[in-house]
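Quick caveat, the model's predicted, so the values are computed rather than measured. Numbered from 1 within each chain, the chains take letters A, B, ... in sequence-line order.
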Protein chains: 2
Amino acid sequence: MLTERQLLVLQMIIDDFIETAHPVGSRALSKKESIPYSAATIRNEMADLEEMGFLEKTHSSSGRTPSEKGYRYYVDHLIAPLSNQHSIKLIRNIIEDGFYEFEQIVQMSAEVLSELTNYTSIILGPELSETRLKQIQILPLSPHTAVAILVTDTGHVEHRTFTIPEEIHSSDLEKMVNILNEKLQGVPIIQLQEVFHREIAGLMRKYIRDFDKPYDYLQAIFSQEHPVKLYIGGKSNILMQPEFNDVDKIRSFYTMMENEDEIANLLKNSKHGIGVSIGNENEVDAIKDLSLITASYQIGEGQMGTIALLGPTRMEYRKVISLLSSLSNEMSEALYKWYKSSD
Amino acid sequence: MLTERQLLVLQMIIDDFIETAHPVGSRALSKKESIPYSAATIRNEMADLEEMGFLEKTHSSSGRTPSEKGYRYYVDHLIAPLSNQHSIKLIRNIIEDGFYEFEQIVQMSAEVLSELTNYTSIILGPELSETRLKQIQILPLSPHTAVAILVTDTGHVEHRTFTIPEEIHSSDLEKMVNILNEKLQGVPIIQLQEVFHREIAGLMRKYIRDFDKPYDYLQAIFSQEHPVKLYIGGKSNILMQPEFNDVDKIRSFYTMMENEDEIANLLKNSKHGIGVSIGNENEVDAIKDLSLITASYQIGEGQMGTIALLGPTRMEYRKVISLLSSLSNEMSEALYKWYKSSD
DNA sequence: GTTAGCACTCATTACTTCTGAGTGCTAATT
DNA sequence: AATTAGCACTCAGAAGTAATGAGTGCTAAC
């Protein structure tokens, strides 16, 4: 168990280090007003804290830096929530503007977020699993090309241009679209391909002669991957952090950031509510010297997406955590309203 | 005027430097098979070439590096076109696959391009000035929300979700869409807002009572910015270049790359055909120590877009120039076919 | 329990020296 | 007259050394 004084020292060291990125020495600490002890006393406490694993030294005669365990303790016990009216207002303005589509809101939030924090923000867009097909439309552009447009009940629009095979005549096309709409409306996006294959393909064969080629094409339209949308903001912000003073670090960071799949995985497994992974607590090797703060936002019952901030382990946890939790509330609320009005 | 031998020396120095990034010395050059002269002779030629401004030294006893003037001469006179069957095949495969929409092709090309070269590729998407509205559709999602979908004759789809003001009734909505389609089909995207304002607003006032609110909303739909699409590929590729060994350089590079407007401007002014801007020849300060190779691609008569590669002045001009010119041909051709089949 | 004092450590910086790749010039060679 | 060998000279970069100072751990005094 830590004494009052040890808590104070630990907190002050971490706060100081987060601010300055320089190891904190006993003398400097003792000069602060809120600590009435001498450097020697503090040195003793520091030694104890180090023994317990909360602090580290970069070399034998350096000041102390927080260890990952130290940060963990700090996050779990030492941070008082911080109100950030101002930041929230910024984001609320975007959301309430009313002119932006949901995905735009998400993207703009990512940018604001990374600007407010100077870390890199990552937002995993709403999962499509819950959204359903509202309408499908095929619009001929020319005798041989057409664009297929899928609209979901959340207002998400996907489209795909394709060449019309010779075998299909425009009357057939109309028939097909009618059947598709009749049978597929309300079907969850994620099951489209399956339902199409199971229920519709057969039906169509009856109405449309020579269906094999068209079948392939429609198949292709539905098989379009529905990648989870990933928004990344402020990739270059993180370069301002003194931790990234090394060309190799920058290289490996950017190389990782280009692999969107990996990042998506990172966030997919994040837990409900606020999650904090410090350094080696992260399962992905590439960010074992960074910290990742995640916040899930919801719509109705099912979880839908994740907002995250990626920064050095020396992160402004207090600010970031309260910011993210407010943001996730705002977004959940906005989504809830939206969803409700759609019923 | 340069002698044969000077040309040879200049060419070999530049080739060598492009490959290795190390200043080239006389002794190393004299050892190459294609040069039958001694180091001393070459030193004399080098001194002359330096005096003429084609070469530089990094310090008084270093080997020579090409000056910008040297690169310029190299590009203008010394590079033989290079055939790159292999690379072209890669890209042609993407284009001819037939399943991709035009914008996807552009984006994928950008990625392939930067992978083939290890530079950063920038593609300025087709200008919308020439494309026309094919159809407008408004699809209600719920009693109070709807999504507006605009489709152009090139198969480009834009959409926007908005809240339906209380004043509009669904029958009115239908009427409006009919009028819009009737009047706006075939209008160039870029003039949509103007035409709407000039010809339609008045008409609608006749049919729909209480039109002021709806007017604002429609206005908003058409005023949606139609930003020129910019695709950037391989931002982190360029980190592998030894020129980017310095954290500050990396910072300023990435900071620039986040300013899409600036980049778009860079390319907008690029000339017809292939353009090569070396170092200070660039008008934008941020890339005065880089080289930019641009190639325009066309559709029918009007210029439509630009492909570019950004790399260090020590760039593989030969490879890049021939690659870009092939690519621009491929794309122009593909676009031409597409456009033709749309008529 | 707290603090002053002192010897000790070690990253960082500045200052040297050494090395080697490369030059420019001159004199000898072809 | 053109080419080359030879040699003194330059300078970046590596390697080694010394000085500096922020910081520690420990002991003894308060």
Side-chain angles (χ1 to χ4, degrees), chain A residues 1-10 12-14 16-17 19-67 70 242-243 245-247, chain B residues 1-10 12-14 16-17 19-67 70 242-243 245-247:
Chain A
M1 204 46 229
L2 295 178
T3 66
E4 274 298 303
R5 193 164 66 192
Q6 283 171 332
L7 288 178
L8 180 63
V9 171
L10 180 57
M12 295 212 67
I13 289 178
I14 299 187
D16 200 80
F17 185 71
E19 196 184 328
T20 66
H22 294 302
V24 185
S26 56
R27 224 178 93 83
L29 256 201
S30 78
K31 276 188 186 151
K32 300 215 172 183
E33 293 206 340
S34 47
I35 289 209
Y37 307 102
S38 76
T41 310
I42 293 170
R43 274 205 290 284
N44 291 330
E45 298 290 21
M46 280 172 151
D48 289 350
L49 285 166
E50 182 177 357
E51 210 167 300
M52 287 184 270
F54 295 113
L55 296 178
E56 285 171 345
K57 286 189 283 196
T58 61
H59 60 91
S60 76
S61 73
S62 75
R64 299 304 205 290
T65 62
S67 67
E243 274 83 356
N245 247 337
D246 172 20
V247 181
Chain B
M1 205 45 231
L2 295 178
T3 67
E4 273 301 302
R5 194 165 65 193
Q6 283 170 330
L7 288 178
L8 180 65
V9 170
L10 180 58
M12 297 211 69
I13 290 177
I14 298 186
D16 199 80
F17 185 72
E19 196 183 328
T20 66
H22 294 300
V24 185
S26 57
R27 224 178 93 82
L29 255 199
S30 77
K31 275 186 185 154
K32 300 215 172 183
E33 295 206 337
S34 47
I35 289 209
Y37 307 100
S38 77
T41 311
I42 294 171
R43 274 205 289 285
N44 290 330
E45 299 290 19
M46 281 172 149
D48 288 350
L49 285 166
E50 182 177 357
E51 210 166 301
M52 289 184 268
F54 294 113
L55 296 178
E56 286 172 345
K57 285 189 282 195
T58 60
H59 60 91
S60 75
S61 73
S62 76
R64 300 304 205 289
T65 62
S67 67
E243 275 82 355
N245 247 336
D246 172 20
V247 181

S.K.: In residues 40-57 of chain A, what residues come within less than 4.0 Å of DNA chain C, judged by heavy atoms?
M.R.: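 Per residue number, the list reads A/Ala40, A/Thr41, A/Arg43, A/Asn44.
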
S.K.: With a 4.5 Å heavy-atom cut-off, do A/Tyr37 and A/Val9 have their side chains touching?
M.R.: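 A side-chain contact is absent here, since even the closest heavy-atom pair is not under 4.5 Å.
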
S.K.: Tell me the bend of the helix from C/dG1-D/dC30 to C/dT30-D/dA1 as the angle between end helix axes, each from five pairs, rounded to the nearest 10 degrees.
M.R.: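 Both end axes considered, the difference amounts to 20°.
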
S.K.: I need the OH-P distance between B/Tyr37 and D/dA5, as an integer number of Å.
M.R.: 15 Å

S.K.: Mind jotting down which residue pairs meet the side-chain hydrogen bond (donor to acceptor under 3.5 Å, both in side chains) criterion with at least one end in residues 51-61 of chain B? Sequence neighbours excluded, please.
M.R.: B/Thr58-B/Ser62

S.K.: Could you state the CG-P distance from A/Leu29 to C/dT3, rounded to the nearest angstrom?
M.R.: 14 Å

S.K.: For B/Lys32, check salt bridge (charged side-chain N to carboxylate O under 4.0 Å, His left out) against everything at least two apart and list the hits.
M.R.: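 Salt bridge (charged side-chain N to carboxylate O under 4.0 Å, His left out) list for B/Lys32, sorted by chain: B/Asp16.
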
S.K.: Would a 4.5 Å heavy-atom cut-off, applied to side chains only, mark A/Arg64 and A/Leu49 as touching?
M.R.: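 SC-SC contact between A/Arg64 and A/Leu49 ruled out.
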
S.K.: Rounded to the nearest 0.5 Å, what separates atom OG in A/Ser26 from atom CD in A/Glu45?
M.R.: 12.0 Å

S.K.: Whole angstrom is fine here: how far is it from NZ in B/Lys31 over to P in D/dT4?
M.R.: 16 Å

S.K.: In this structure, how many angstroms lie between the C1' atom of D/dA22 and the CZ atom of A/Phe17, rounded?
M.R.: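 Computing the A/Phe17:CZ to D/dA22:C1' distance gives 16 Å.
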
S.K.: Could you tell me how far apart B/Ile35 (CD1) and D/dT4 (P) are, to the nearest whole angstrom?
M.R.: 11 Å

S.K.: Restricting to non-hydrogen atoms, name the atom on A/Met46 and the atom on A/Gly25 that form the minimum distance, rounded to 0.1 Å.
M.R.: CE-C, 3.9 Å

S.K.: Tell me the interatomic distance from A/Asn245, atom CG, to C/dA11, atom C1', rounded to whole angstroms.
M.R.: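 Rounded to the whole Å, the gap is 16 Å.
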
S.K.: With the side chain of A/Arg5 defined as its heavy atoms from C-beta on, choose the nearest nucleotide among D/dC11, C/dC10, C/dT2.
M.R.: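 Per side-chain heavy atoms of A/Arg5, the pick is C/dT2.
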
S.K.: Can you list everything that forms a side chain to side chain donor-acceptor pair (under 3.5 Å) with B/Thr65? Sequence neighbours excluded, please.
M.R.: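 B/Thr65 satisfies side chain to side chain donor-acceptor pair (under 3.5 Å) with no residue once adjacent residues are dropped.
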
S.K.: Rounded to whole angstroms, how far apart are NE2 on B/His59 and P on D/dC11?
M.R.: 9 Å

S.K.: 5'-most contact on DNA chain D: B/Ala39 or B/Ser60, nearest heavy atom basis?
M.R.: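 Nearer the 5' end of the strand: B/Ala39.
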
S.K.: Check this for me: does the side-chain of A/Ser61 come within 3.5 Å of the base of C/dT9 through a donor and an acceptor?
M.R.: yes

S.K.: How many whole angstroms separate atom CZ of A/Arg27 from atom P of C/dT3?
M.R.: 15 Å

S.K.: State which residues pass salt bridge (charged side-chain N to carboxylate O under 4.0 Å, His left out) with A/Arg27; sequence neighbours excluded, sorted by chain then number.
M.R.: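 Salt bridge (charged side-chain N to carboxylate O under 4.0 Å, His left out) list for A/Arg27, sorted by chain: empty.
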
S.K.: Between B/Val24 and B/Ile14, is there a side-chain heavy-atom distance shorter than 4.5 Å?
M.R.: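 They are not in contact (no side-chain heavy atoms under 4.5 Å apart), so the answer is no.
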
